[in-house]
Amino acid sequence: MEDGLISVDRWARGSEAYFLTHLHSDHTKGLSSKWSHGPLFCSPITARLLPIKFPNFNLSLLRILHTGTSHTISLRSPSSSNPTTVIVTAIDACHCPGSIMLLFRGDFGCELHTGDFRWEGSCEKARIAREMLGVALKEHDGVVDVVCLDNTYANPTYEFPSRSVAAQQVIDIISSHPDHDVIIGINNYGKEDLLLQISRAFDIEIWVSPQRLQTMHLLGLPDVFTTDTTVTRVRAVPMYSFSRKTLEGLNLIRPTIGILPSGLPWVKKSLKKNEFLSGSFLTSGSKRSRCDTDSTQVQMDKKIDKTGSPKMFDKYIFSVPYSDHSNCAELEDFIKLVKPSSLKGIVSSSTCYIEPMYYFGRLCTGNQPAPMLHNVEDVNVELDRNISKESYLLKGSGKRVVTINPETSFEDDNVELDRNRYRRKTSKVKLGSRMTKFIKRGGVKILEHVEE
DNA sequence: GCGATCAGAT
DNA sequence: CACATCTGATCGC
């Protein structure tokens with residue numbers, strides 16, 4: 001798509017129309033109460049929540065997109081100034097309240113932006129989303145040129161169960177601590193269903209902050225949330241306020257456990273050679289029931305559990321693999337359904353950023369040959385020489401990630417930015433038999449390959 | 001002084 | 001660990 005026509009979750013000046021997939025901060029950097037660059041398209045729920053985050057926002061700039069409905073937008077081509085139309089269809093992204101995927105069609109072809117999304121086979125909302133997407137794709141020739149993918153977990157080493165399974169794990173943990181207070185670390189939007197399930201299971205209210213309560217009311221959720229700490233033993237607190245020290249302090253007063261629902265990306269399945277995206281790998285584990293692994297014994301096991309069971313990483317803290325992002329198997333399902341010509345990743349902040357074409361390129365219909373990956377142990381560091389280096393440049397979130405060919409010098413033009421503000425920070429991530437090192441230079445993250 | 005950007009913590 | 005968030009420092013206007 002031509003630059004300057006539309007922007008998705010990007011807020012620099014110079015586009016004709018702007019689209020917001022959901023309200024998480026990493027997608028609203030640059031958006032503010034003083035927004036005036038152009039019309040902002042979003043879902044009804046996002047439009048309702050947006051004034052909380054951005055008070056005094058000029059609401060006349062909002063354009064509501066209802067899911068499953070095609071909206072035709074008349075714009076002007078930035079290059080030729082000729083009138084042009086873009087047809088956009090929003091699909092529920094099942095990530096957090098109001099989150100949507102966006103399917104664009106126009107002179108440029110067809111692009112699908114997933115935003116952050118969870119593509120759960122078992123979830124009713126996802127089933128409806130799948131149907132709506134199928135209909136939207138059939139409305140034209142069905143060809144999708146580019147998918148801009150939520151590649152947060154676009155790596156076969158990440159696997160975790162569905163949210164309903166993870167929610168049951170949370171309930172089991174609370175059940176096994178009948179005399180404990182419970183605090184659950186969550187962010188501003190998302191995981192409301194988890195809280196509702198807990199409320200139902202124990203027939204109790206859930207404490208939330210006054211602002212969170214306002215959000216719950218705006219979302220029209222059942223009236224099971226309270227700001228009174230005396231009526232419940234379960235509290236939802238911001239994740240950033242959640243720490244070992246918090247729990248230690250609370251335990252001086254009352255016995256308290258903490259539960260961290262998150263993608264649990266650090267539970268990694270170790271890959272065997274030649275196991276790259278094979279059917280047996282992707283279907284083993286992720287489709288297997290994990291209910292039989294939910295015993296307290298397993299929960300208490302500090303060993304890394306490959307099947308995505310709860311894990312205690314502290315005396316008081318349980319980590320549960322409840323993720324609002326798709327796991328790798330779900331991403332594969334999604335790409336197999338959409339069959340795009342090509343893929344781009346939207347997430348560049350990950351310290352373990354993986355170019356999605358590595359793993360999913362073979363599922364695309366474009367001319368790009370799938371990367372030659374003879375040894376899966378090298379998959380994260382071996383670069384496909386057929387994919388141009390430019391294709392690794394992300395324009396997503398203000399940072400650029402340059403994945404560099406091991407044979408390419410750091411003196412390359414693309415990374416030679418701002419020497420004066422040079423800062424160095426490295427961290428190492430174990431990936432297979434080699435180490436991958438990241439160097440940060442003034443906002444540019446570089447993937448370096450080093451031998452162990 | 002204000003907003004934008006970044007580092008650091010959680 | 002990582003996601004999403006917040007706080008506080010610094011930069012430029």
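We name chains A, B, ... by the order of the sequence lines, and we start the count at 1 in each one.
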Can you measure A:Lys29 atom NZ to C:dC3 atom C1' for me and round it to whole angstrom units? 11 Å
Sort and list the pairs that fulfil side-chain hydrogen bond (donor to acceptor under 3.5 Å, both in side chains) and have at least one residue in residues 246-258 of chain A, not counting sequence neighbours. A:Asp181-A:Arg254, A:Ser243-A:Thr246
Atom OH of A:Tyr189 to atom C1' of C:dC3: distance rounded to whole Å? 16 Å
Side-chain contact check for A:His95: nearest option of C:dC3, C:dT5, C:dA4 is C:dA4
Would you sort out whether A:Tyr189 and A:Arg212 count as a side chain to side chain contact (heavy atoms under 4.5 Å, CB included), showing the intermediate values? CA-CA 9 Å; A:Tyr189 308 103; A:Arg212 241 317 189 157; 5.5 Å; no
Please report the distance, rounded to the nearest Å, between CD1 in A:Ile184 and P in C:dC3. 21 Å
Between the side chains of A:Asp172 and A:Gln168, is a donor N or O closer than 3.5 angstrom to an acceptor N or O? yes
Taken to the nearest whole Å, CZ/A:Phe242 to C1'/C:dC3 is 14 Å
Are A:Ser262 and C:dA2 close enough that a side-chain N or O sits under 4.0 Å from OP1 or OP2? no
Does this structure show an ion pair linking A:Asp193 with A:Arg163, if we count only N-O contacts that are shorter than 4.0 Å? no
Euclidean distance, atom CG of residue A:Asp116 to atom P of C:dA2 [Å, nearest integer]: 16 Å
Is there a side-chain polar atom (N or O) of A:His325 under 4.0 Å from OP1 or OP2 of C:dA4? yes
A:Asp324 CG - C:dT5 C1' separation (whole Å): 15 Å
For A:Asn187 and B:dT10, is the shortest distance between a side-chain N/O and OP1 or OP2 below 4.0 Å? no
Using a heavy-atom cut-off of 4.0 Å across all strands, would you classify A:Asp150 as base, sugar-phosphate, or nothing? nothing
State whether a side-chain donor-acceptor pair under 3.5 Å links A:Ser33 with A:Lys53. no
Over how many whole Å does the gap from A:Trp11 atom CH2 to B:dT5 atom P extend? 15 Å
Rounded to the nearest Å, what distance is computed from the OH atom of residue A:Tyr240 to the P atom of nucleotide B:dG8? 21 Å
Does A:Lys34 reach a base, just sugar-phosphate, or nothing at all? Heavy atoms under 4.0 Å. sugar-phosphate
